[in-house]
Amino acid sequence: MQRTVFAVAAALALALPGVSSADEHQNRDYDHKPEAQDFIHGAPEVPSEAWTLAAGGRIYDNWWDALDREKPEGTNPAYPVSVNKEQSGPGTWRCKECHGWDYLGKDGIYSKGGHFTGIKGINGAIGKPVEAIGKTLRDANHPYTTEMITDEEIQRVAAFVSRGQVDMRSFIDYETRTVNTGDKERGRAIFQTTCAACHGFDGRLIDWGEDGAHNYVGTEAAELPDEVMNKILNAHTGVQMINLRAFPLSDAIDVLAYAATLPLEPPTE
């Protein structure tokens, strides 16, 4: 059963100051302190390339959480309900729902299963002018109003589409949906000095499972490495997290490879 990553993507959160107890984590209360609002939902005065691409990646993930907007009501009118009757409601307004965490759409991990739409990926737009991509993101297939996503914010998504995608086929086995490369020892070093601040050394300090199931860093990285990679590079939406966008891609792959080795089950008493 696929799970949604709520806390962070494989790790990389330095702190969640607004969350003060394990019970609050379990209840998915990721509210943050007012002083963190600008970091989580705002923008720096002079945005760097890395910040812009990560910000665009978060909008691609879940724009209303990324931008602190109202969740849309109903099913996206552009969503192909005739092809996929399993998905409906606000989730169909997310870019990733049609184009996939791996950006390949019908040709990637979403080529089958409950998220299949028959829609192509965004990988064909790599390297295209941001202005052209921005216009596409305002066409009839992308019915986002400026109240939902402003023109400035659309440009961040366009920059991500043009310059921020990675080819996950180079480190994920698409038949088994598992990580098949990466330096786990390098990943261990990065995880233990950054991610562990919130997730603990074994990745189980935060548990965002429900109904008796347990979701840890290890379970997510082992089962949904494509989703986790998107979050390692861009951060999870709506929480005070760091990401590895400004560092070599190999570092993110190494963290993903190591995270997939972490425990899947709760500690034994």
Side-chain angles (χ1 to χ4, degrees), residues 4-73 89-91 93-97 101 130 134 137 142 144-161 164 193-200 205-208 210 215 217 220 227-247 252:
T4 301
V5 178
F6 280 93
V8 314
L12 309 183
L14 280 181
L16 295 174
V19 181
S20 58
S21 72
D23 287 341
E24 285 174 317
H25 285 306
Q26 186 66 29
N27 293 331
R28 299 182 178 184
D29 179 4
Y30 298 118
D31 290 340
H32 52 79
K33 292 182 178 180
E35 53 265 35
Q37 176 72 11
D38 191 49
F39 174 77
I40 298 171
H41 301 296
E45 184 174 348
V46 183
S48 65
E49 170 77 350
W51 182 89
T52 299
L53 299 184
R58 291 193 295 277
I59 298 171
Y60 177 90
D61 174 343
N62 184 321
W63 57 267
W64 60 90
D65 278 350
L67 302 172
D68 200 18
R69 303 279 155 73
E70 290 294 322
K71 181 185 296 187
E73 296 183 359
W93 287 87
R94 297 171 69 182
C95 305
K96 79 88 195 171
E97 190 55 46
W101 292 111
V130 167
L137 293 174
H142 305 89
Y144 304 110
T145 66
T146 54
E147 287 73 27
M148 292 175 168
I149 308 174
T150 68
D151 288 339
E152 180 182 356
E153 292 157 354
I154 279 287
Q155 293 302 300
R156 298 173 197 165
V157 185
F160 166 75
V161 171
T193 56
T194 57
C195 316
C198 275
H199 292 285
L205 188 58
I206 298 176
D207 181 357
W208 55 96
E210 60 181 0
N215 284 24
V217 168
E220 300 303 313
E227 178 177 355
V228 170
M229 175 54 72
N230 187 81
K231 294 173 186 288
I232 289 175
L233 288 174
N234 306 308
H236 185 58
T237 58
V239 297
Q240 192 172 354
M241 278 184 54
I242 63 169
N243 59 69
L244 290 189
R245 176 63 70 173
F247 299 91

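No experiment lies behind these values; they were computed from the predicted model shown.
Here the CH2 atom belonging to W64 is positioned 9.0 Å from the OG1 atom belonging to T237, to the nearest 0.5 angstrom. Rounded to the nearest 0.5 Å, atoms CD (E70) and CD (E147) are 12.5 Å apart. With rounding to the nearest 0.5 angstrom, the CH2 atom of W63 is 15.0 Å from the NZ atom of K96. Rounding to the nearest 0.5 angstrom, the gap separating the NE2 atom in H142 from the CD1 atom in I154 is 9.0 Å.
For the residue pair Q37 and D68, a side-chain donor N or O sits within less than 3.5 Å of a side-chain acceptor on the partner.
In terms of the salt bridge (charged side-chain N to carboxylate O under 4.0 Å, His left out) criterion, residue partners of E152 (sequence neighbours excluded) are, by chain and number, R156. With sequence neighbours excluded, the residues satisfying salt bridge (charged side-chain N to carboxylate O under 4.0 Å, His left out) with E153 are R69. The ring pair (Phe, Tyr, Trp, His ring centres under 6.0 Å) search around H41 returns H32, not counting sequence neighbours. With sequence neighbours excluded, the residues forming a side-chain contact (heavy atoms from CB on, under 4.5 Å) with F247 are L244, D251, listed by chain and number. Every residue meeting the side-chain contact (heavy atoms from CB on, under 4.5 Å) condition with V157, not counting sequence neighbours, appears here in chain and number order: I59, L137, V161. D151 is linked by a side-chain contact (heavy atoms from CB on, under 4.5 Å) to R138, T146, counting only residues two or more places apart in sequence or in another chain. In this structure, the side-chain contact (heavy atoms from CB on, under 4.5 Å) partners of A50, at least two apart in sequence or on a different chain, are S48, R245, A246. Scored by the side-chain hydrogen bond (donor to acceptor under 3.5 Å, both in side chains) test, Q155 finds no partners at all (sequence neighbours excluded).
Identified under the salt bridge (Lys or Arg N to Asp or Glu O under 4.0 Å) test for residues 46-56, with sequence neighbours left out: E49-R163.
Heavy atoms only, all atoms of each residue included: G42 and W51 are closest at O-CZ2, 3.3 Å. Across every non-hydrogen atom of N234 and R58, the tightest pair is O-NH1, 2.7 Å. Nearest approach of A36 to Q240, heavy atoms of both residues: CB-OE1, 3.5 Å. Heavy-atom minimum distance, Y60 versus N230: CD2-OD1, 4.5 Å. Shortest non-hydrogen contact noted between I242 and A235 is O-CB, 3.8 Å. Contact detail for Y144 and W93: the closest heavy-atom pair is OH-O, 2.8 Å.
When side chains are defined from C-beta on, V239 counts as touching H236, because their heavy atoms get closer than 4.5 Å.
Here the side chain of D207 pairs a donor or acceptor atom with the backbone of N215 at under 3.5 angstrom. Judged purely by atom type and a 3.5 angstrom limit, D61 has no side-chain atom pairing as donor or acceptor with the backbone of G57.
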